Amino acid sequence: MTYTIEVNNVTKQFRNYTAVDHINLKFEKGKISALLGPNGAGKTTTISMILGLMKPTSGDITVLGQPAGTKALSQRVGALMQDVKAADGLTVVEVLNLFRSYYTNPMSLEQLLDISGLHKEAKRRASALSGGQRRRLAFAQSLVGNPELILLDEPTVGMDVEARTRFWDTIKGLAANGRSILLTTHDLYEADAVADHISIIAGGRIVAEGTPQELKRHSALRTVSFHAARPPHENELLKLPGVEKVEMVQSRICLHVEQTDELLALLLQQDWGVTDIEVHAAKFEDAFRALTK
């Protein structure tokens with residue numbers, strides 16, 4: 001198995017504060033990986049160390065087979081960080097061509113305008129773009145060098161629905177062509193929908209890793225809700241196999257469970273007058289909250 005990024009026992013301290021605490025991470029080549037966590041968990045610090053913008057207090061990081069921050073990596077790695085300021089006085093085309101001049105094998109201007117969806121704004125000053133348009137331009141800038149690895153820190157902030165859809169379609173296409181993507185986001189729905197692998201960081205430590213499906217299966221509960229003409233007592237419901245929590249609103253009952261198959265069969269055998277059964281899969285948001293308590 002080939003890893004694009006390897007983070008080995010890395011710690012980052014700022015005086016008496018430990019932002020990252022002995023973390024180990026490996027991200028596969030050609031995959032969309034996500035690093036998630038609550039505010040202050042250490043995500044941006046980790047991304048900055050991978051990019052070589054910060055040095056670890058201890059431990060080491062390897063990117064594309066080289067130590068993080070190596071000059072040669074600047075031609076192979078693209079990054080979109082949270083705070084990207086629009087270039088003063090330059091048009092969209094001028095910004096992209098300026099960045100293209102920094103690389104030996106840049107993407108074509110036409111391709112970058114397609115990716116960003118900024119053909120109509122090509123001659124507008126970058127500083128005059130809307131917030132979402134500036135974010136799309138910044139994304140195009142991160143791809144100018146035709147990178148093998150792309151790091152994205154909260155990439156869709158400020159984008160409208162259409163721009164987000166275009167963005168994720170582009171990301172999936174890049175991964176399908178062998179590029180590696182590592183992203184951070186507060187949008188858990190997006191992470192669940194697009195990431196092949198998710199690492200969750202909390203308090204500077206990695207608390208869970210796996211596919212979205214694995215994290216939901218191990219950390220979140222499914223729900224079974226139904227109407228009961230003759231509702232049983234809550235204690236009776238808690239005795240049902242796999243039931244962890246019960247919610248009752250008049251005659252509507254919601255059971256939070258690990259597995260549903262055995263439970264559904266038992267419900268239909270009861271004399272509670274069970275009708276209108278609904279089953280909902282575990283939500284990634286619930287798994288995330290459980291893991292980052």
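Because the structure is predicted, anything quoted here is derived from the model rather than measured. All heavy atoms count here, side chains included; hydrogens, waters and symmetry mates do not.
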Are more than 12 heavy atoms from other residues, nucleotides or ligands located less than 6.0 Å from atom [atom1] of [X]?
X: Glu262; atom1: CD; result: no
X: Glu244; atom1: CD; result: yes
X: Arg289; atom1: CZ; result: no

Evaluate the side-chain proximity of Glu28 to Ser33: yes if any heavy-atom separation is below 4.5 Å, no if none is.
no
Any side-chain heavy-atom pair from Val77 and Ile50 closer than 4.5 angstrom?
no
Check whether any side-chain N or O of [X] sits under 3.5 Å from a backbone N or O of [Y] as a donor-acceptor pair, and report yes or no.
X: Arg135; Y: Pro155; answer: yes
X: Gln75; Y: Asn146; answer: no
X: Thr57; Y: Gln13; answer: yes

Is there a path from [X] to [Y] through hydrophobic residues (I, L, V, M, F, W, Y) whose side chains come within less than 4.5 Å of each other?
X: Tyr103; Y: Leu112; answer: yes
X: Leu80; Y: Leu113; answer: yes
X: Val157; Y: Ile171; answer: no

Do any pairs count as a side-chain hydrogen bond (donor to acceptor under 3.5 Å, both in side chains) and have a residue in residues 181-192, sequence neighbours left out, and if so which ones?
Asn39-His186, Asp153-Thr184, Glu154-His186, Thr156-Glu190, Arg164-Asp187, Arg164-Glu190, Trp168-Glu190, Asp192-Lys216
For side-chain contact (heavy atoms from CB on, under 4.5 Å), just list the numbers for Leu25 and Ile5, CA-CA rounded to whole Å, side-chain angles, deciding distance to a tenth of an Å, and then say yes or no.
CA-CA 8 Å; Leu25 291 167; Ile5 302 170; over 6 Å; no
For residues 120-129, please give each side-chain donor-acceptor pair under 3.5 Å, one per line with the distance, not counting sequence neighbours.
residue, atom, partner, partner atom, Å
Glu121, OE2, Gln133, NE2, 3.4
Arg124, NH2, Ala128, O, 2.7
Arg125, NH1, Gly89, O, 2.5

To the closest 0.5 Å, what do you measure between CG (Leu53) and CE (Met81)?
6.0 Å
Below 30° counts as parallel, above 60° as perpendicular, anything between as tilted: where do the rings of Tyr17 and Phe14 land?
parallel
Once you measure the plane-to-plane angle for His197 and Phe27, does it fall in the parallel (<30°), tilted (30-60°) or perpendicular (>60°) bin?
perpendicular
Apply side chain to side chain donor-acceptor pair (under 3.5 Å) to Asn235 and list each qualifying residue two or more places apart in sequence or on a separate chain.
none
What's the shortest heavy-atom distance between Arg76 and Glu148, and which atoms?
NE-OE2, 2.7 Å
